Amino acid sequence: MQNMRILQLHCDYIEFTPVKKEIKSAEEIDPQSKHFDEIVVAFVAVEDGDNSEVAKKAMNEISESMKKVGCGKLLLYPYAHLSSKLASPSTALSILKEMGEKRDGLEINRAPFGWTKSYKIQVKGHPLAENSKTISAGEEKESTSEALKAESKIQSFWHIMTPDGKMHDIDKFNFAKYQSLEVLAKYESAKKRSVDEPPPHVKLMKKLAIADYEPASDAGNMRFFPNGRLMKSLIERYVTDKVVEYGGFEVETPIMYDSHHPSMESYFNRFPARQYNVNSEGKQLFLRFAACFGQFLMAKDFQMSYKNLPLRLYELTRYSFRREQSGELVGLRRLRAFTMPDCHAMCKDMEQAKEEFRKRFDLSRQVIRGLGMNESEFEMAIRFTEEFYNENRPLVEELVSKIGKPVLVEMWKERFFYFVLKWEFNYVDSSGKASALSTDQIDVENGKRYNIEFIDENNKPQNPIILHNSPSGAVERVIYVLLEKAAKDQREGRKPGLPLWLAPTQVRVIPVKPEFLDYCEKLAEKISQNDIRVDLDDRNESVGKSIRDAETDWIRYIIVIGEKEVSATKLSIRDRKTGTVKELAVDELVKEIKEETNGMPFLRMNMSRYVSKRPQIMV
RNA sequence: GCCUCGAUAGCUCAGCCUGGUAGAGCGAACGCCUCGUAAGCGUUAGGCCGCGGGAUCGAAUCCCGCUCGAGGCUCCA
């Protein structure tokens with residue numbers, strides 16, 4: 001049996017100097033000292049019989065383990081002393097050259113073959129810094145993790161469930177009245193779709209100075225301008241208020257976790273995640289991709305009785321990180337860093353879990369409506385194991401009947417994921433892309449995995465059933481949906497706009513001539529005192545230009561102040577929604593705005609009140 | 001990860017095919033106009049034409065490589 005032998009070391013640095021040729025066929029090189037920092041050094045001995053296949057496998061394994069330690073620089077270092085059955089030098093050199101071929105995501109260096117070298121090396125102190133492998137031909141050693149393999153084996157059965165609880169075959173269902181559900185169903189059951197337009201919200205997010213790509217960061221990490229930050233804060237405030245109203249307790253947990261913590265290890269083994277890795281002092285940390293671990297680890301340290309349940313922990317993660325494939329990242333639809341409201345409820349048994357699940361279903365519907373999204377624009381998908389469905393049909397049917405329209409059903413023969421039931425609301429955009437917003441799951445596995453316990457009525461420790469709910473979905477994705485909706489309005493000939501409570505500017509005051517500025521300032525101050533975001537276009541521009549700018553910024557109320565207004569009590573107010581100019585007193589305007597934003601959070605304007613004092617952010 | 005496309009002024013882009021003095025609109029600065037519900041007028045500043053190499057008398061323009069970005073696909077426990 002032939003085995004390529006590799007000793008792999010994660011080093012702070014290595015430094016080597018070729019001293020003299022050891023064999024005739026040594027590589028012709030300039031014998032200079034080389035120094036590398038932060039590098040993985042692979043000492044390689046090629047054995048008699050090793051071939052390209054072995055070379056390829058070896059590189060796959062090396063690159064896999066390098067990903068784990070978060071290092072992208074490799075030095076291949078020929079090291080004959082690892083074996084006594086060496087391949088011939090020419091074979092060894094050609095295999096090493098093959099291993100040194102360019103490879104995406106790796107910077108590969110090769111130490112010269114056939115030279116005696118002196119070297120100095122400093123190896124890192126973390127557990128994965130040193131490892132050795134033997135690679136042999138023929139043996140099935142795929143880089144795909146067990147979890148990924150298992151996942152591809154799960155069997156799904158797709159159906160449509162109508163509000164009366166009946167299941168329909170997806171191929172036989174008449175989608176005539178349910179076009180976006182059809183898109184979702186086809187999307188999910190993997191039919192082809194082709195789009196060549198970028199989604200319209202990308203232009204809008206820049207035009208309205210909400211957010212933009214940040215080339216100096218990683219893809220999918222956006223920057224949010226004052227307008228965007230304000231909108232996010234408002235959405236976050238709203239969702240948090242609603243969750244607290246429902247009974248959630250807000251907590252805060254760390255952003256990074258030790259990959260080798262026992263609970264994390266068992267989680268990773270089951271669920272391959274594309275996470276960001278961070279190395280620090282020999283520890284391998286990963287950035288959280290959800291709030292789950294933090295809350296579970298916290299709950300584990302609580303001493304709980306069944307009387308404390310359900311216990312609802314809530315966190316708004318800014319951020320959660322998922323290193324999605326670069327090609328999937330589009331505007332605000334899918335990001336690598338996102339803000340996720342995440343609420344877990346520990347329940348004592350399935351009965352309590354089901355009751356809680358219903359409450360959270362209603363909460364989510366309410367939140368979606370409050371955020372300015374219409375339930376009719378969403379398509380629900382519900383997923384469960386066959387066993388759960390057979391035992392809990394009334395719950396499933398109740399949820400579907402509440403929605404009052406057909407929903408997509410995915411049923412699994414066996415439980416693969418940690419949950420037995422999951423639903424989500426999906427928004428289907430103009431390019432036929434479906435994105436999940438709200439979701440809730442019944443988790444029967446992590447209570448045990450994280451060793452969360454409560455004492456039941458009989459003084460016995462039990463693991464709770466855990467519900468995982470995001471009532472709104474990612475905050476950035478909420479903005480994506482609002483902008484896509486606005487784009488749709490525009491396309492269909494309606495005026496695009498944002499919900500008034502979310503608009504960065506709610507009222508703009510424009511003087512006809514600079515001499516009315518004083519009056520405008522007093523007016524703006526008066527309106528502002530009623531918790532309304534009002535600003536003042538104090539630039540010396542024509543009225544037409546100022547109005548045009550306000551309109552393109554989607555500002556709902558525009559007040560023009562001239563001779564007439566200064567000496568009267570009524571203001572002329574241009575209402576973007578109706579496109580008309582109406583006459584109202586200040587109090588009447590305030591009342592109208594207060595009514596429309598009733599029950600929604602308020603934050604002060606996040607920019608100078610004076611338009612002339614603002615930097616130009618976008619064209 | 002794979003495929004395709006792109007990178008020129010602060011922004012959006014033209015010029016490139018067919019090599020020969022770097023262009024427009026918007027924005028900015030300054031000045032004029034003092035204006036009634038979607039763009040008033042003028043002047044000025046602003047460029048390593050992404051980076052590196054090649055062929056050419058000569059490259060933003062042609063060729064090769066690299067980097068970064070975008071879109072699609074796959075994917076999205």
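Convention: sequence-line order gives letters A, B, ...; per-chain numbering from 1. What you see is a predicted model; the values in this text were computed from it and never measured.
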Just the rounded figure in Å: distance from [atom2] of [N] to [atom1] of [X].
{"X": "A/Ile617", "N": "B/U12", "atom1": "CD1", "atom2": "P", "answer": "14 Å"}
{"X": "A/Gln616", "N": "B/A9", "atom1": "CD", "atom2": "P", "answer": "17 Å"}
{"X": "A/Phe419", "N": "B/A77", "atom1": "CZ", "atom2": "C1'", "answer": "7 Å"}
{"X": "A/Arg333", "N": "B/G71", "atom1": "CZ", "atom2": "P", "answer": "9 Å"}
{"X": "A/Lys613", "N": "B/A28", "atom1": "NZ", "atom2": "P", "answer": "14 Å"}
{"X": "A/Arg383", "N": "B/A77", "atom1": "CZ", "atom2": "P", "answer": "9 Å"}
{"X": "A/Lys422", "N": "B/A77", "atom1": "NZ", "atom2": "P", "answer": "6 Å"}
{"X": "A/Arg334", "N": "B/C73", "atom1": "CZ", "atom2": "P", "answer": "12 Å"}

For A/Leu329, answer base if it contacts any base atom (sugar-phosphate contacts may also be present), sugar-phosphate if it contacts only those atoms, and nothing otherwise; contact means non-hydrogen atoms under 4.0 Å.
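The residue A/Leu329 makes sugar-phosphate contact but no base contact.
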Assign A/Glu551 to base, sugar-phosphate, or nothing according to its heavy-atom contacts below 4.0 angstrom with the strands shown.
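Touches a base.
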Quote, to the nearest angstrom, the [atom1] distance that separates [N] from [M].
{"N": "B/C66", "M": "B/G25", "atom1": "C1'", "result": "33 Å"}
{"N": "B/G10", "M": "B/C73", "atom1": "P", "result": "34 Å"}
{"N": "B/G15", "M": "B/G52", "atom1": "P", "result": "25 Å"}
{"N": "B/C68", "M": "B/G27", "atom1": "P", "result": "35 Å"}
{"N": "B/G50", "M": "B/U67", "atom1": "C1'", "result": "8 Å"}
{"N": "B/G54", "M": "B/A60", "atom1": "P", "result": "15 Å"}
{"N": "B/U21", "M": "B/U61", "atom1": "C1'", "result": "15 Å"}
{"N": "B/C13", "M": "B/C3", "atom1": "P", "result": "26 Å"}

Identify the heavy atoms of A/Lys73 and A/Asp37 that sit nearest to each other, and give their distance.
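Scanning both residues completely, I find the closest heavy atoms to be NZ-O, 2.8 Å.
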Quiz question: going by heavy-atom distance under 3.5 Å, is there a donor-acceptor pair between the base of B/A38 and the side chain of A/Arg574?
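Side chain to base: pair found, below 3.5 Å.
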Are A/Lys577 and A/Asp575 within salt-bridge range, i.e. N to O under 4.0 Å?
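Looking at A/Asp575 together with A/Lys577, the answer is no, because their closest N to O distance does not fall below 4.0 Å.
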Output yes when A/Glu565 and A/Lys570 qualify as a salt bridge under the 4.0 Å nitrogen-oxygen rule, no when they do not.
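Between A/Lys570 and A/Glu565 there is no salt bridge, as every charged N stays at least 4.0 Å from the carboxylate O atoms.
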Watson-Crick or G-U wobble mate for [N], both contacts under 3.5 Å:
{"N": "B/G27", "answer": "none"}
{"N": "B/A7", "answer": "B/U67"}
{"N": "B/G46", "answer": "none"}
{"N": "B/C73", "answer": "B/G1"}
{"N": "B/C62", "answer": "B/G54"}

Taking side-chain contact (heavy atoms from CB on, under 4.5 Å) as the criterion, tell me which of A/Gln506, A/Arg508, A/Arg574, A/Glu596 meets it with A/Arg556.
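Among the candidates, only A/Glu596 passes.
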Does B/U37 have OP1 or OP2 under 4.0 Å away from a side-chain N or O of A/Tyr557?
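For A/Tyr557, the contact criterion (side-chain N or O under 4.0 Å from OP1 or OP2 of B/U37) is not met.
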Can you list every ring pair (Phe, Tyr, Trp, His ring centres under 6.0 Å) pair that touches residues 323-347 of chain A, not counting sequence neighbours?
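Passing the test, one end in residues 323-347 of chain A: A/Phe296-A/His344, A/His344-A/His468.
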Drop me the distance from A/Ile466's CD1 to A/Arg449's CZ, to the nearest 0.5 angstrom.
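Output value for this atom pair is 10.5 Å.
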Selected nucleotide, minimal atom distance to [X] side chain, candidates [options]:
{"X": "A/Tyr213", "options": "B/A77, B/G72, B/A70", "value": "B/A70"}
{"X": "A/Val202", "options": "B/A38, B/C76, B/G71", "value": "B/G71"}
{"X": "A/Lys545", "options": "B/U37, B/C76, B/G27", "value": "B/G27"}

Determine yes or no for a side-chain-to-main-chain donor-acceptor pair under 3.5 angstrom, with A/His201 supplying the side chain and A/Ala487 the backbone.
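No: the side chain of A/His201 does not pair with the backbone of A/Ala487.
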Considering residues, nucleotides and ligands other than A/Lys582, do more than 12 of their heavy atoms fall under 6.0 Å from its NZ?
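Enclosed: over 12 neighbouring heavy atoms sit under 6.0 Å from NZ of A/Lys582.
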Geometric cation-pi criterion, A/Lys422 with A/Phe417: 6.0 Å, 45°
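No; the conditions do not both hold, so A/Lys422 does not lie above the ring face of A/Phe417.
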When the nearest nucleotide of RNA chain B is assigned to A/Glu214 and to A/Arg477 on a heavy-atom basis, which residue is associated with the more 5' position?
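Nearer the 5' end of the strand: A/Glu214.
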Listing time: all N or O pairs from protein to nucleotides 34-36 of chain B that are below 3.5 Å?
from: B/U34; atom 1: N3; to: A/Asn540; atom 2: ND2; distance (Å): 3.4
from: B/U34; atom 1: O4; to: A/Asn540; atom 2: ND2; distance (Å): 3.2
from: B/C35; atom 1: OP2; to: A/Lys513; atom 2: NZ; distance (Å): 2.7
from: B/C35; atom 1: N4; to: A/Asn540; atom 2: OD1; distance (Å): 3.1
from: B/G36; atom 1: O6; to: A/Glu563; atom 2: N; distance (Å): 2.5
from: B/G36; atom 1: O6; to: A/Lys564; atom 2: N; distance (Å): 3.1
from: B/G36; atom 1: N1; to: A/Glu565; atom 2: OE1; distance (Å): 2.8
from: B/G36; atom 1: N2; to: A/Glu565; atom 2: OE1; distance (Å): 3.0
from: B/G36; atom 1: N2; to: A/Glu565; atom 2: OE2; distance (Å): 2.4
from: B/G36; atom 1: N2; to: A/Ser572; atom 2: OG; distance (Å): 3.3

